[in-house]
Amino acid sequence: MMRCLIIDDEPLAIELLEDFVSKVPFLQLENSCSNAMEATETIKSSQIDLIFTDIEMPDFSGVEFIKSLEVKPLFIFTTAYSHYALEGFNLNAVDYLVKPIPFHRFIKAVNRAQDLFSLKNDSKKDVVIKNSAPPEFIFVKSDYENVKVNLKSILYIEGLKDYVKIYTNINSKPILTLNSLKIFEEKLSTANFIRVHRSFIVSLKHIKSVQRNRIVIDDKRIPIGLNYKDAFIKRIDG
């Protein structure tokens, strides 16, 4: 079941979406809001998995609202203006529905959202760290099998949108898994790893050198993101 939120300043548009949601067994409507500020309060108090939001609204647009969220649920833009489509997809929207929305397009959009939601939940189960102190290995799902990866062998981990590449000193090619870098960051937080960029987690033990805003590991130069620099310097200074 996906818990969803509707945001639109047009009562008729809300009414239509509420009717559509009621016809889909895997959708559960948590709230309907007429503006982004009201929606923010709903997100603070409820678990939301999917947002349907209009773009052009008074005071705070749907695009601005999505950008303001630190943790973004899946979201679908609903609007009368097709020229926002590129910006919507640049924000990784699940879909972009142009009003008046036909039911078959709504179904196509929410089916895609359900696939992504299931994939996201399954991926959290695909990374398993054995309860040892400290952990010694993880299992990751790659090419339809669960691959055991010794943490000591990991040089660095690179995030590529919906995929993650794990580089080790054992395998000549990286291990590719359908997952998110955030999950690895959480799972490896107690091990000898640190996130240094929105796209990279590195093993502290395999760092050869630090060159200004770059880290050298196995002749690979990895950038240090501005938002991660202070935490990284504090960690290596001990």
Side-chain angles (χ1 to χ4, degrees), residues 1-125 159-163 178-183 186 198-199 227:
M1 185 69 70
M2 297 180 68
R3 291 159 292 211
C4 55
L5 171 66
I6 296 170
I7 313 169
D8 204 304
D9 62 332
E10 299 176 8
L12 289 177
I14 287 180
E15 186 178 331
L16 177 68
L17 287 173
E18 287 178 341
D19 180 55
F20 284 178
V21 167
S22 70
K23 295 176 180 177
V24 181
F26 58 80
L27 294 182
Q28 175 182 312
L29 182 62
E30 290 294 319
N31 199 11
S32 296
C33 304
S34 60
N35 59 72
M37 299 307 295
E38 185 183 345
T40 299
E41 294 304 313
T42 298
I43 288 177
K44 287 179 180 178
S45 60
S46 305
Q47 173 65 43
I48 300 297
D49 304 311
L50 176 62
I51 297 173
F52 299 95
T53 180
D54 190 13
I55 291 182
E56 287 204 347
M57 295 184 291
D59 301 324
F60 205 46
S61 75
V63 170
E64 290 170 331
F65 171 69
I66 293 299
K67 287 181 177 179
S68 74
L69 299 177
E70 279 192 28
V71 179
K72 294 178 176 56
L74 297 171
F75 59 94
I76 295 171
F77 283 125
T78 60
T79 179
Y81 304 97
S82 60
H83 61 269
Y84 287 113
L86 180 59
E87 185 171 11
F89 286 116
N90 284 340
L91 286 173
N92 292 325
V94 172
D95 209 335
Y96 187 97
L97 301 178
V98 179
K99 299 175 183 177
I101 303 168
F103 186 59
H104 75 273
R105 275 294 288 121
F106 178 85
I107 289 295
K108 182 178 180 180
V110 296
N111 280 338
R112 186 180 180 204
Q114 186 191 38
D115 289 342
L116 292 171
F117 182 67
S118 299
L119 187 64
K120 182 180 178 181
N121 287 341
D122 288 345
S123 69
K124 292 179 180 179
K125 303 171 187 177
L160 300 167
K161 199 174 180 180
D162 296 327
Y163 290 86
L178 185 61
N179 225 303
S180 76
L181 204 62
K182 180 65 175 177
I183 290 173
E186 293 170 354
R198 61 189 177 92
S199 300
N227 293 334

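Counting begins at 1 with the first residue of the sequence.
The minimum heavy-atom distance linking Leu5 with Ala39 is given by the pair CD2-CB, 3.9 Å. Nearest heavy atom pair, residue Pro11 against residue Asp9, reads CD-O, 3.6 Å. In terms of heavy atoms, Glu38 sits closest to Asn31 at OE2-ND2, 4.4 Å. Summarising the geometry of Thr78 relative to Lys99, their closest heavy-atom pair is O-CE, 3.8 Å, with the distance given to 0.1 Å. Ile76 and Ala109 get closest at one heavy-atom pair: CD1-CB, 3.9 Å. Smallest separation of non-hydrogen atoms from Asp8 and Ala13: OD2-CB, 3.4 Å.
Between the CG atom in Leu27 and the CG atom in Asp49 there is a gap of 10.0 Å [rounded to 0.5 Å]. Atom CG of Leu74 sits about 11.0 Å away from atom CD of Gln114, to the nearest 0.5 Å. A distance of 11.5 Å separates CD in Glu30 from CD1 in Ile6, rounded to the nearest 0.5 Å. The distance from atom NZ of Lys67 to atom NZ of Lys72, rounded to the nearest 0.5 Å, is 9.5 Å. We find the CG-CG distance between Asp54 and Leu97 to be 11.5 Å, quoted to the nearest 0.5 Å. Considering CD1 of Ile43 and CG of Leu69, their distance stands at 5.0 Å, rounded to 0.5 Å.
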>> Between Phe75 and Leu50, does the side-chain contact (heavy atoms from CB on, under 4.5 Å) criterion hold? Intermediate values first, please.
In response: CA-CA 5 Å; Phe75 59 94; Leu50 176 62; 5.6 Å; no
> Going through the checks in order, is the side-chain contact (heavy atoms from CB on, under 4.5 Å) test met by Phe52 and Val110?
Replying inline: CA-CA 10 Å; Phe52 299 95; Val110 296; 3.7 Å; yes
> Should Met57 and Asp59 be marked as a side-chain contact (heavy atoms from CB on, under 4.5 Å) after you check the CA-CA gap, both sets of side-chain angles, and the distance that decides it?
Replying inline: CA-CA 7 Å; Met57 295 184 291; Asp59 301 324; over 6 Å; no
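Under the 3.5 Å distance criterion, the side-chain polar atoms of Ser118 are left unmatched by any main-chain donor or acceptor of Asp115.
Between Glu41 and Lys44, at least one side-chain nitrogen of the basic residue sits less than 4.0 Å from a carboxylate oxygen of the acidic one, meeting the salt-bridge criterion.
With sequence neighbours excluded, the residues that form a ring-ring contact (aromatic ring centres under 6.0 Å, His included) with Phe103 are Phe20.
Listed by first then second residue, pairs satisfying side-chain hydrogen bond (donor to acceptor under 3.5 Å, both in side chains) with a partner in residues 101-111 read Asp95-Arg105, not counting sequence neighbours.
Taking a 6.0 Å sphere around CD of Glu18, one finds it holds more than 12 heavy atoms contributed by other residues, nucleotides or ligands.
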